[in-house]
2 protein chains.
Amino acid sequence: MATYKTRAQFVADDLRGRILGGEFQGGTQLRQDALASDYDVSRIPVREALLTLESEGLVEFHPHRGAFTTELSVARIRELFELRILLETHTLRRAIDCLTDADLKKAEDILEKYDKALDSGGEIGNWSEYNFAFHHALYAPSELPETLAIISQLNTKSDRYIRMQLLYTQEIEKAEREHHGLLELARRGDVEQACELLKTHIQEACEGIVAVLEERTTLTEQC
Amino acid sequence: MATYKTRAQFVADDLRGRILGGEFQGGTQLRQDALASDYDVSRIPVREALLTLESEGLVEFHPHRGAFTTELSVARIRELFELRILLETHTLRRAIDCLTDADLKKAEDILEKYDKALDSGGEIGNWSEYNFAFHHALYAPSELPETLAIISQLNTKSDRYIRMQLLYTQEIEKAEREHHGLLELARRGDVEQACELLKTHIQEACEGIVAVLEERTTLTEQC
DNA sequence: TCATTGTAGTTTGTATACAATGTGCAAAAC
DNA sequence: GTTTTGCACATTGTATACAAACTACAATGA
């Protein structure tokens, strides 16, 4: 049953993970032939997978030249996070208004699992998933599917940079504390403070990433 | 030179137009074979075109069952337009801050062409293009490419409903007047008023569409 | 020397052919 | 009569094969 519906979907899911995991430098060409033999499929499902990833902004197609992983400039990263603030506070505001106990419980459960995973050795691998799952649980009650889809899209795009940041800095605990704070404010129905915290939560993550990126570029310039 | 780079792109562009033009009811299955013979290509480029349209939200894929045109509920349309207000006012705010004379001229030119086209017989066919071109011209100076991409995506999704509304009501002139007002406020650098006008401009379009949709559903229920 | 053109090789794009899955109807079982 | 099973057909998904486009490098000419 672990078998995927279609090969194209399988390739898309796996390749997404590889890109987000940092296996490819930004701007790397993804040769269809190589990927096809990697996954032991023909180039057709590979092409379809690449098209899917293009729509997610992880890859760019140039006609007759192929697919390349995208690279975000610092300006674009800032833009992405600014959009996240705009959309996520908007959604949180709505969600808090119609938050049920069951919704809170769900978010709490995710946070708890996540705490345990952290204690028993810092598995960074699926941190992003946990992170988004928690945020999503908080936003879901808003019942704004189109908005959630865009938020998810923005998170995917910024994901690999978040991972990179976590690799260099130890901000997981801080994020974790902020998540607990967020949950508590949501429980109390304090919309304004919750949105304010969410805003700084996202903003500081952005600044962290930018700092790491700029350090790295000055480093490579020195070499 | 009107020849497209790839067949897949050509099919995607043409099919998008057909869907937005209202040729298919919401929920219609798009048979790959039929489309392939329509365009005199194989099913491969058709599939790729459908994947592209899926990423734009015009079509939905169900594995092994095919692609269907999407249908938006009233709630989703409202959500879409609310997102547009949020993102477009945000972008307009930024754009006005760094608006040059050249930018204003561009927007003005579009508006002018558009006026002429209106006078010489109400060609509704490419009204949407003009409309978006004008909005885009206003937002472009903000230099927020990711945001503009999402705005464009939201506009595409709501496009066919806008066309439907225009078909039933005669709101083009009203929209036109509001566009002139928007341009004038932008020229004066009056951010607050411009955003306020933009907000009502989008809001009223939404209400118009919802009204038409609800009228149509009560009509079909009577039959 | 530098720019231009031509050509071989590589890679992408698409057509054709086949495999896998889903759908609908008819016959059988209850 | 209703439900279930099985099979034929239709449609999608994928492999293979071929055509078209791009790249890089060498040869030619100014």
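In what follows, every chain begins at residue 1, and chains take the letters A, B, ... in the order their sequences are listed.
- Distance CZ (B:R47) to P (C:dA15): 14 Å, rounded to an integer number of Å.
- Between B:T70 and B:R160, the side chains place a donor N or O and an acceptor N or O closer than 3.5 Å (distance only, hydrogens not considered).
- Side-chain N/O atoms of B:R43 and base N/O atoms of D:dG13 include a donor-acceptor pair closer than 3.5 Å.
- With D:dA15, D:dT11, C:dG13 as the choices, the nucleotide that has an atom nearest any side-chain atom of B:Q29 turns out to be D:dT11.
- Protein atom CG of A:L51 is 15 Å distant from nucleotide atom C1' of D:dG13, rounded to whole Å.
- If you look at A:H201 and A:H135, their ring centroids are closer than 6.0 Å.
- When each of A:H64 and A:V41 is assigned the nucleotide of DNA chain D bearing its nearest heavy atom, the one mapping closer to the 5' terminus is A:V41.
- Comparing A:R65 and A:I44 by the nucleotide of DNA chain C whose heavy atom lies nearest to each, the residue mapping closer to the 5' end is A:R65.
- The NZ atom of A:K5 sits 10 Å away from the P atom of C:dT21 (whole-angstrom rounding).
- In this model, the phosphate group of C:dA15 is approached by a side-chain N or O of B:S42 to a distance below 4.0 Å at OP1 or OP2.
- The interatomic distance linking B:D33 (CG) with C:dA15 (P) rounds to 13 Å, in whole Å.
- In this structure, of D:dT11, C:dT12, D:dA15, it is C:dT12 that holds the atom nearest to the side chain of A:R31.
- No salt bridge links A:D101 with A:K105; every basic N to acidic carboxylate O contact stays at or beyond 4.0 Å.
- Distance, A:L35 CG to C:dT12 C1': 13 Å, rounded to whole Å.
- Remark: the backbone N or O of A:V59 is not paired with any side-chain donor or acceptor of A:T69 at under 3.5 angstrom.
- Ranking D:dG13, C:dT14, C:dG13 by closeness to the A:Q32 side chain, first place goes to C:dG13.
- Rounded to whole Å, atom C1' of D:dT14 lies 14 Å from atom CD of A:Q9.
- Atom CG in B:L50 sits roughly 15 Å away from atom P in D:dT11 (whole-Å rounding).
- Rounded to whole angstrom, the span from the CZ atom of A:R7 across to the C1' atom of D:dT12 amounts to 13 Å.
- Looking only at distances, no side-chain donor or acceptor of A:E146 sits under 3.5 Å from a matching main-chain atom of B:E79.
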